[in-house]
Protein chains: 2
Amino acid sequence: MVQKSKPPAAAKEPQRRGEPKRRGRPRAYEPEIALGKALDLFRKQGFAATSLDDLSAATGMNRPSLYGAFGDKRELYIKSYQRYREDARASMVEIFRQEMPVRQRLERIYAAALNIYLSGETGPRGCFTVVTAASEAVGDPEIRAMVLEGLTDLDKAFASCFRRAKEKGELPDSADPAVLAQLASATIHTIAIRSRARVPRKELEEIVKGAIDVMVGAKSS
Amino acid sequence: MVQKSKPPAAAKEPQRRGEPKRRGRPRAYEPEIALGKALDLFRKQGFAATSLDDLSAATGMNRPSLYGAFGDKRELYIKSYQRYREDARASMVEIFRQEMPVRQRLERIYAAALNIYLSGETGPRGCFTVVTAASEAVGDPEIRAMVLEGLTDLDKAFASCFRRAKEKGELPDSADPAVLAQLASATIHTIAIRSRARVPRKELEEIVKGAIDVMVGAKSS
DNA sequence: TCGATTTTTGTACCATTTCGCAATTAATCC
DNA sequence: GGATTAATTGCGAAATGGTACAAAAATCGA
């Protein structure tokens, strides 16, 4: 059992704007921050290896509060995964939207991915989808659906990226956006896996560079 | 607690040749088969989610026997992973050795990989390295070393494959075997992940076909 | 043939951990 | 003070990893 010994001086919660005003005893935690901590733990240890006590310690909430706020362990896991996907999506969507050369766009996308995979105090944490969600996917249809959606979303984003590049004449007519997109996704997946095995950032960047060269043609070498 | 109700009529063990003759009570199990069952379970559920009772039920050995034969849970996991890698290696090594065109060699390698990833009664099981070992890799140096070795072995095998192809004139001079090898590995990784999410074989084969086309040049389309 | 020896099996057990929840107490608003 | 919401304590049933110990099944030696 993990309990905090923090004096009950309730952390002043910055009165959320928009919300009318909470009635009873104020929360001693911020749901968004707590969910972030839970996400970090699940990402590091996976579902089964992460106990509610671990989560309790990491979030600073005790188990009943956790339960009340997020539901049981599986629900918390799913909410964490949703949060992860929102974050990842947010960090990429701008790069996909803005106008720029394909090569630059790809470079930025992979840089963003590496930042996600390599961040974390206690060693690189990899990709939630690849490292833990894919494991749970066999047995849990809901998680599997999320994984599948994540995979196809990435494929689609890359495909439209290559389609635009082709229209702009950056790629030869023979280029097949769908095939290139799957290669681009595969490159994401391979760096996700390798980052988990603590392959140094330098090597991952080499892999990315090589893959980009193959996809959009080597840079005036 | 899971116990078998099998009558104690000890399964006649096919007197192993070579081994001088075991002294005490004969084993009621075959270590190789039991290890295979353990491997299947770990592959399906991962390390933490697989209990000793699960393993006991799957192997038909009770826990003390399991412990005596393979050591504790972690040791059994590592032995399972070693077994997996030997099996995977065995299914590929011939394909890498024999003389044949690159394209055909790649097609066969990926077919072998898909057979590994998609076999299993209760849904596709994916790749041990990608699905569970990579997860454990962050926290366990020994497992991490095995994962790293597996990754680089694959890279090397593909690299030498492309090097030979280049020497035989099957690839343009501009082709970089190391870069192509990493793409080939990435393709392995992406189908490993997707197979876990139950992407149908047909789609995985499409991905493989597209990747091969990019790596060795599209087949006279 | 028969007991000693060796090795494995089967049963039971232990200490911990795990998830979940009920009951109580605390803080805030009305 | 009453209502409302949350925190805290602590329980409990089940599962978990690991082990002690005796019974069982084989070989070996005399």
Side-chain angles (χ1 to χ4, degrees), chain A residues 1-16 19-31 33-34 38 41-42 45-78, chain B residues 1-16 19-31 33-34 38 41-42 45-80 136 140:
Chain A
M1 189 101 51
V2 179
Q3 298 303 98
K4 301 189 341 170
S5 53
K6 182 175 73 174
K12 60 165 180 184
E13 193 166 358
Q15 159 74 335
R16 303 213 155 278
E19 285 158 33
K21 200 175 224 179
R22 307 217 24 111
R23 279 269 296 189
R25 176 174 178 169
R27 292 200 186 103
Y29 58 89
E30 296 218 54
I33 296 180
L41 252 196
F42 277 132
Q45 306 180 343
F47 178 79
T50 302
S51 72
L52 286 185
D53 275 355
D54 293 340
L55 293 163
S56 176
T59 58
M61 304 162 65
N62 42 32
R63 277 199 307 276
S65 295
L66 257 177
Y67 198 83
F70 304 111
D72 68 7
K73 191 179 167 186
R74 178 174 167 278
E75 285 182 76
L76 177 52
Y77 179 82
I78 289 180
Chain B
M1 190 99 53
V2 179
Q3 298 303 100
K4 300 188 342 170
S5 54
K6 183 175 73 176
K12 60 165 183 184
E13 193 167 356
Q15 158 74 336
R16 302 213 156 278
E19 287 158 32
K21 201 175 223 181
R22 310 222 13 116
R23 276 272 295 187
R25 178 173 177 168
R27 293 200 185 102
Y29 59 89
E30 296 218 53
I33 295 180
L41 252 196
F42 277 131
Q45 306 181 341
F47 178 78
T50 302
S51 71
L52 286 186
D53 275 355
D54 292 340
L55 291 163
S56 177
T59 58
M61 303 162 65
N62 42 32
R63 265 175 305 169
S65 295
L66 257 177
Y67 198 84
F70 303 112
D72 68 8
K73 192 181 167 185
R74 178 174 166 278
E75 285 182 76
L76 177 52
Y77 180 82
I78 289 181
K79 289 194 170 81
S80 298
E136 308 301 324
D140 190 316

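Numbered from 1 within each chain, the chains take letters A, B, ... in sequence-line order.
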*Between A:L52 and A:Y67, is a side chain to side chain contact (heavy atoms under 4.5 Å, CB included) present by the stated rule, with each step listed?*
CA-CA 9 Å; A:L52 286 185; A:Y67 198 83; 5.7 Å; no
*Check every strand shown and say whether A:S65 touches a base, only sugar-phosphate, or nothing at a heavy-atom separation below 4.0 Å.*
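Base, at least one base heavy atom under 4.0 Å.
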Would you compute the distance between atom [atom1] of [X] and atom [atom2] of [Y] and round it to the nearest 0.5 angstrom?
X: B:E136; Y: B:F47; atom1: CD; atom2: CZ; result: 6.5 Å
X: B:K73; Y: B:S80; atom1: NZ; atom2: OG; result: 11.5 Å
X: B:Y29; Y: B:M61; atom1: OH; atom2: CE; result: 4.0 Å

*Between B:N62 and C:dG10, does any side-chain N or O lie under 4.0 Å from OP1 or OP2?*
yes
*Answer yes or no: does a side-chain N or O of B:Y67 lie under 4.0 Å from OP1 or OP2 of D:dT19?*
yes
[atom1] of [X] versus [atom2] of [N]: gap in Å, rounded?
X: A:R27; N: D:dT8; atom1: CZ; atom2: P; result: 14 Å
X: A:D54; N: C:dT17; atom1: CG; atom2: P; result: 11 Å
X: B:L52; N: C:dA12; atom1: CG; atom2: P; result: 19 Å
X: A:L66; N: D:dT8; atom1: CG; atom2: C1'; result: 13 Å
X: B:M61; N: C:dT8; atom1: CE; atom2: P; result: 10 Å
X: B:R63; N: D:dA20; atom1: CZ; atom2: P; result: 14 Å

*Please state whether the rings of B:Y77 and B:F42 are parallel, tilted or perpendicular, taking 30° and 60° as the class boundaries.*
perpendicular
*With no hydrogens and no angle check, do the side chains of B:N62 and B:S65 hold a donor and an acceptor under 3.5 Å apart?*
yes
*asked:* Which residues in residues 70-78 of chain A have a heavy atom closer than 4.0 Å to any atom of DNA chain C?
replied: A:D72, A:K73
*Earlier contact from the 5' end, DNA chain C, for A:P64 and A:A49*: A:A49
*If each of A:F47 and B:G24 is mapped to the nucleotide of DNA chain C with the nearest heavy atom, which maps nearer the 5' terminus, i.e. the 5' end?*
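In this pair, the answer is B:G24.
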_Taking donor-acceptor contacts at under 3.5 Å, does the side chain of B:R25 reach the base of D:dA24?_
yes
*asked:* I want to check something: taking the side chain as every heavy atom from C-beta on, are B:R63 and B:D53 in contact at a cut-off of under 4.5 Å?
replied: yes
